[in-house]
Amino acid sequence: VQLQASGGGLVQAGGSLTIGCAFVGRTFSMYAVGWFRQAPGKEREFVAAVNWNDTTGYADSVKGRFTISRDNVGDTVYLQMDRLKPEDTAVYYCAADYSGHNIVEIRTSPGSYGYWGQGTQVTVSS
């Protein structure tokens, strides 16, 4: 499995940005996918995740502002980020792990994911 994150950039506070994660190598519909972020000097933290059946979960800090979605035709997961804040500045990583078509809870721990993309920088200016 290979994950390729893209779409990061510089945006003003209050603005919007959508980043994507292209999935290559296995049957995408059988994998749970999550977004994490890491700011300088901080630990990697959970942002959002989506399961094979479109069940989603969000960190409290982004709930109501970010939307995660998956395109099972294009094998891509998107993270739409609205009303961005300077504290959203970080490198954003997508991650994936096999779930089959089992009913599983949203995975929020980095250790729950076996595959990681290279990250994309999101910078929000004040």
Side-chain angles (χ1 to χ4, degrees):
V1 172
Q2 291 185 328
L3 303 171
Q4 183 71 37
S6 63
L10 174 65
V11 63
Q12 288 189 332
S16 297
L17 192 67
T18 298
I19 56 178
C21 177
F23 179 102
V24 179
R26 296 289 174 88
T27 304
F28 176 63
S29 64
M30 291 193 172
Y31 283 74
V33 180
W35 283 100
F36 291 77
R37 66 187 181 187
Q38 188 165 18
K42 295 188 176 182
E43 293 188 352
R44 191 167 298 189
E45 65 175 2
F46 170 75
V47 176
V50 58
N51 283 344
W52 66 272
N53 58 354
D54 288 330
T55 302
T56 59
Y58 298 90
D60 288 342
S61 59
V62 307
K63 201 171 292 183
R65 299 188 298 122
F66 289 12
T67 303
I68 189 170
S69 61
R70 66 188 296 153
D71 173 4
N72 285 334
V73 174
D75 291 359
T76 302
V77 170
Y78 298 99
L79 185 68
Q80 179 180 337
M81 304 179 288
D82 298 319
R83 303 198 305 278
L84 282 160
K85 305 175 181 179
E87 51 263 45
D88 294 319
T89 295
V91 177
Y92 283 70
Y93 297 90
C94 58
D97 206 69
Y98 180 81
S99 66
H101 287 170
N102 300 312
I103 303 299
V104 295
E105 62 184 14
I106 291 293
R107 306 178 189 191
T108 62
S109 168
S112 299
Y113 293 85
Y115 302 97
W116 289 83
Q118 86 287 3
T120 186
Q121 176 71 47
V122 173
T123 303
V124 184
S125 63
S126 57

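For the single chain, residues carry numbers from 1 onward in sequence order.
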Open item on the list: I need the Q118 CD to S6 OG distance, nearest 0.5 Å.
Closed with: 8.0 Å
- [ ] List in chain and number order the residues that pass salt bridge (charged side-chain N to carboxylate O under 4.0 Å, His left out) with D60, two or more places apart in sequence or in another chain; answer none if no residue qualifies.
- [x] K63
Open item on the list: Can a donor-acceptor pair be found, under 3.5 Å and without considering hydrogens, that links the side chain of R83 to the backbone of G64?
Closed with: yes
TODO: Would you mind listing every disulfide bond (SG atoms under 2.5 Å apart) that reaches into residues 56-89, with sequence neighbours excluded?
DONE: none
TODO: Take T76 and F23 through the test side-chain contact (heavy atoms from CB on, under 4.5 Å) and record every step on the way to the result.
DONE: CA-CA 6 Å; T76 302; F23 179 102; over 6 Å; no
Open item on the list: Tell me which pairs pass ring pair (Phe, Tyr, Trp, His ring centres under 6.0 Å) where either residue lies in residues 52-75, with sequence neighbours left out.
Closed with: W52-H101
Open item on the list: Are the side chains of P110 and W116 in contact, using a 4.5 Å heavy-atom criterion?
Closed with: yes
Open item on the list: As an exercise, state the distance from CG of D97 to OG of S109, rounded to the nearest 0.5 Å.
Closed with: 10.5 Å
Open item on the list: Under 4.5 Å between side-chain heavy atoms, counting indirect links through other Ile/Leu/Val/Met/Phe/Trp/Tyr residues: same cluster for V77 and F46 or not?
Closed with: no
Task: Nearest heavy atoms of S125 and L10, plus distance in Å - done: CB-CD1, 4.3 Å
Task: Of all pairs that satisfy disulfide bond (SG atoms under 2.5 Å apart), the ones with a partner from residues 54-86, not counting sequence neighbours - done: none
Task: Over 12 non-hydrogen atoms of neighbours within 6.0 angstrom of CD in E87 - done: yes
Task: Single-linkage hydrophobic cluster Y98~V1, side-chain heavy atoms < 4.5 angstrom - done: yes
Task: For the student: nearest non-hydrogen atoms of L17 and G9, plus distance - done: CD2-N, 3.9 Å
TODO: For T55, check side-chain hydrogen bond (donor to acceptor under 3.5 Å, both in side chains) against everything at least two apart and list the hits.
DONE: N53
Open item on the list: Could you tell me if the side chain of V91 sits less than 4.5 Å from the side chain of T120, heavy atoms only?
Closed with: no
Enumerate, atom names and distances included, each donor-acceptor pair closer than 3.5 Å involving a side-chain atom of residues 28-41, sequence neighbours excluded.
from : atom 1 : to  : atom 2 : distance (Å)
R37  : NE     : E45 : OE2    : 2.6
R37  : NH1    : D88 : OD1    : 2.9
R37  : NH1    : Y92 : OH     : 2.9
R37  : NH2    : E45 : OE2    : 3.2
Q38  : OE1    : R44 : NE     : 3.3
Q38  : OE1    : R44 : NH2    : 3.4
Q38  : NE2    : K42 : O      : 3.1

TODO: Side-chain contact test, heavy atoms from C-beta onward, threshold under 4.5 Å: evaluate it for L79 versus T67 and give yes or no.
DONE: no
Task: Any side-chain heavy-atom pair of V124 and K85 under 4.5 Å - done: no
Task: Q2: side-chain hydrogen bond (donor to acceptor under 3.5 Å, both in side chains) partners, not counting sequence neighbours - done: none
Open item on the list: Between V24 and D75, is there a side-chain heavy-atom distance shorter than 4.5 Å?
Closed with: no
Open item on the list: Run the salt bridge (charged side-chain N to carboxylate O under 4.0 Å, His left out) test against R70 and tell me which residues pass, sequence neighbours left out.
Closed with: none
Open item on the list: Under the side chain to side chain donor-acceptor pair (under 3.5 Å) definition, can you give me all pairs with a residue in residues 11-23, not counting sequence neighbours?
Closed with: S16-D82
Task: Heavy-atom closest contact (A49 atom, Y113 atom, distance) - done: CB-OH, 3.5 Å
Task: For V73, the rest of its hydrophobic cluster, which grows through side-chain links under 4.5 angstrom - done: none
Task: Check: N51 side chain, D54 main-chain N or O, donor-acceptor pair, under 3.5 Å - done: no
- [ ] Identify, with sequence neighbours excluded, every residue that meets side-chain hydrogen bond (donor to acceptor under 3.5 Å, both in side chains) alongside T123.
- [x] Q121
Open item on the list: Restricting to non-hydrogen atoms, name the atom on P86 and the atom on A13 that form the minimum distance, rounded to 0.1 Å.
Closed with: CD-CB, 4.1 Å
Open item on the list: Same cluster or not: V122 versus I68, using hydrophobic residues (I, L, V, M, F, W, Y) connected whenever any side-chain heavy atoms lie under 4.5 Å apart?
Closed with: yes
- [ ] Answer yes if I19 and Y115 sit in the same cluster of Ile, Leu, Val, Met, Phe, Trp and Tyr residues linked by side chain heavy atoms under 4.5 Å apart, and no otherwise.
- [x] yes
Task: Listed once per pair and sorted, the disulfide bond (SG atoms under 2.5 Å apart) pairs that draw on residues 36-82, sequence neighbours left out - done: none
